[in-house]
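Worksheet for the structure shown next.
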Amino acid sequence: MKLLVISGSTRKGSFNTRLAQLVAVLRPSDEVEVVSNLAELPFYDGDTEVQGWPETVSGLREAVDAADGVVIVTPEYNGAVPGVLSNAVDWLSRPAGDSVLKNKVVQVLSASPGRYGGARAAGLLREVLGRIGAIVLESGLSVDSAHLKLKDETPDPVIVPALTAALDELAFAVSREVAA
Ligand SMILES: Cc1cc2nc3c(=O)[nH]c(=O)nc-3n(C[C@H](O)[C@H](O)[C@H](O)COP(=O)(O)O)c2cc1C
């Protein structure tokens with residue numbers, strides 16, 4: 001299975017990017033690409049769009065298109081999805097009604113040092129993704145106390161089974177879509 005994992009943080013030492021990288025560790029037999037450079041996308045602008053996709057946007061669109069399943073890992077800023085990730089989703093939602101994410105199976109994860117693990121942002125992101133036609137899984141995973149649970153490359157024993165379950169569900173949903 002080809003998985004694209006998008007981190008909504010561009011911060012060095014990001015807990016969300018660390019969680020994104022764990023996907024590759026836990027799915028060694030899948031082809032996993034991790035993207036954590038969303039700040040390279042220009043701000044969405046309709047005038048830019050009519051001139052053709054900017055190179056960084058087409059790169060991301062092609063990666064989504066080629067993936068069997070997508071994992072989006074979101075930080076939470078002020079109870080919402082950070083602007084840099086929201087901007088990427090706006091680009092991916094175009095053209096209206098024919099998003100590259102349409103009918104794509106997506107698992108949403110989040111991580112935060114806080115007690116809810118970014119669950120509010122993850123919930124909002126699921127709503128947006130559903131609105132643009134993605135097949136969004138309800139399960140997901142929100143890692144609270146991320147500064148403790150994701151403090152180094154060694155995965156916390158609590159995260160491994162929960163993340164494995166979230167990824168197994170993604171794999172199952174992808175196989176169901178392929179069979180349909
Ligand atoms: C502008 C801003 C707003 C934030 N708001 C929240 C919040 O609403 N809920 C939360 O759990 N953490 C919040 N945080 C803390 C982030 O969860 C924390 O900085 C986290 O490390 C960001 O993710 P990253 O490590 O992947 O970059 C906020 C941080 C910033 C910079």
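Residues take their numbers from the sequence shown, with the count starting at 1. What you see is a predicted model; the values in this text were computed from it and never measured. Atoms within each ligand, like the ligands themselves, are counted from 1 in listed order.
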Original post:
Identify the closest protein heavy atom to atom 27 (O) of ligand 1: which residue and atom is it, and at what distance?
Top reply: Ser9 OG, 2.8 Å
Original post:
Is His147 touching ligand 1 with its side chain, its backbone, both, or neither, if touching means heavy atoms under 4.0 Å apart?
Top reply: neither
**OP:** List the closest protein heavy-atom neighbour of atom 10 (C) of ligand 1: residue, atom name, distance to the nearest 0.1 Å.
**Re:** Ser112 OG, 3.4 Å
**OP:** Identify, for atom 8 (O) of ligand 1, the protein heavy atom at the shortest distance, and state residue, atom and that distance.
**Re:** Gly79 N, 2.8 Å
**OP:** Would you mind reporting whether Asp168 and Arg27 have side-chain heavy atoms less than 4.5 Å apart?
**Re:** yes
Original post:
Identify the closest protein heavy atom to atom 9 (N) of ligand 1: which residue and atom is it, and at what distance?
Top reply: Glu76 OE2, 2.7 Å
Original post:
Closest approach of Asp68 and Lys2, non-hydrogen atoms and distance?
Top reply: OD2-N, 2.6 Å
Original post:
When you measure from atom 23 (O) of ligand 1 to every protein heavy atom, which one gives the shortest distance, and what is it?
Top reply: Asn16 ND2, 3.2 Å
**OP:** May I ask you to check if ligand 1 and Phe15 share an N or O to N or O distance below 3.5 Å?
**Re:** yes
Subject >> Side chain proximity check, Leu101 to Ser93, heavy atoms < 4.5 angstrom >> reply: no
Original post:
Any chance CD of Glu55 has more than 12 other-residue heavy atoms, nucleotides or ligands included, within less than 6.0 Å?
Top reply: no
Original post:
So which protein heavy atom does atom 25 (O) of ligand 1 come closest to, and at what separation?
Top reply: Arg11 NH2, 2.8 Å
Subject >> atom 19 (O) of ligand 1 protein-contacted (non-hydrogen atom, under 4.0 angstrom) >> reply: no
Original post:
Among protein heavy atoms, which lies nearest atom 22 (C) of ligand 1, and at what distance?
Top reply: Pro75 CB, 4.1 Å
**OP:** Kindly indicate, with the supporting measurements, whether the criterion side chain to side chain donor-acceptor pair (under 3.5 Å) is fulfilled by Glu76 and Ser112.
**Re:** CA-CA 7 Å; Glu76 179 171 286; Ser112 152; 5.8 Å; no
**OP:** With the side chain counted from C-beta on, respond yes when Val143 and Ile159 share a heavy-atom pair under 4.5 Å apart, and no when they do not.
**Re:** yes
**OP:** Using modelled atom types only, decide if a donor and an acceptor are shared between the side chain of Ser58 and the backbone of Pro54 within a distance under 3.5 Å.
**Re:** yes
Original post:
What about Thr17: any of its N or O atoms under 3.5 Å from an N or O on ligand 1?
Top reply: no
Original post:
Under the 6.0 Å and 45° cation-pi test, does Arg61 pair with Trp53?
Top reply: yes
Subject >> Sub-4.5 Å side-chain heavy-atom contact between Val32 and Val71 >> reply: no
**OP:** Say whether Pro113, considering both its backbone and side-chain N or O atoms, lies within less than 3.5 Å of an N or O atom on ligand 1.
**Re:** no
Subject >> Whether Asp90 side chain and Tyr44 backbone form a donor-acceptor pair below 3.5 Å >> reply: no
Subject >> Shortest protein contact, atom 5 (N) of ligand 1 (heavy atom only) >> reply: Asn78 N, 2.8 Å
Original post:
Is there a heavy atom of Arg18 sitting under 4.0 angstrom from any atom of ligand 1?
Top reply: no
**OP:** Please confirm whether Tyr77 comes within less than 3.5 Å of ligand 1 when only nitrogen or oxygen atoms on both sides are compared.
**Re:** no
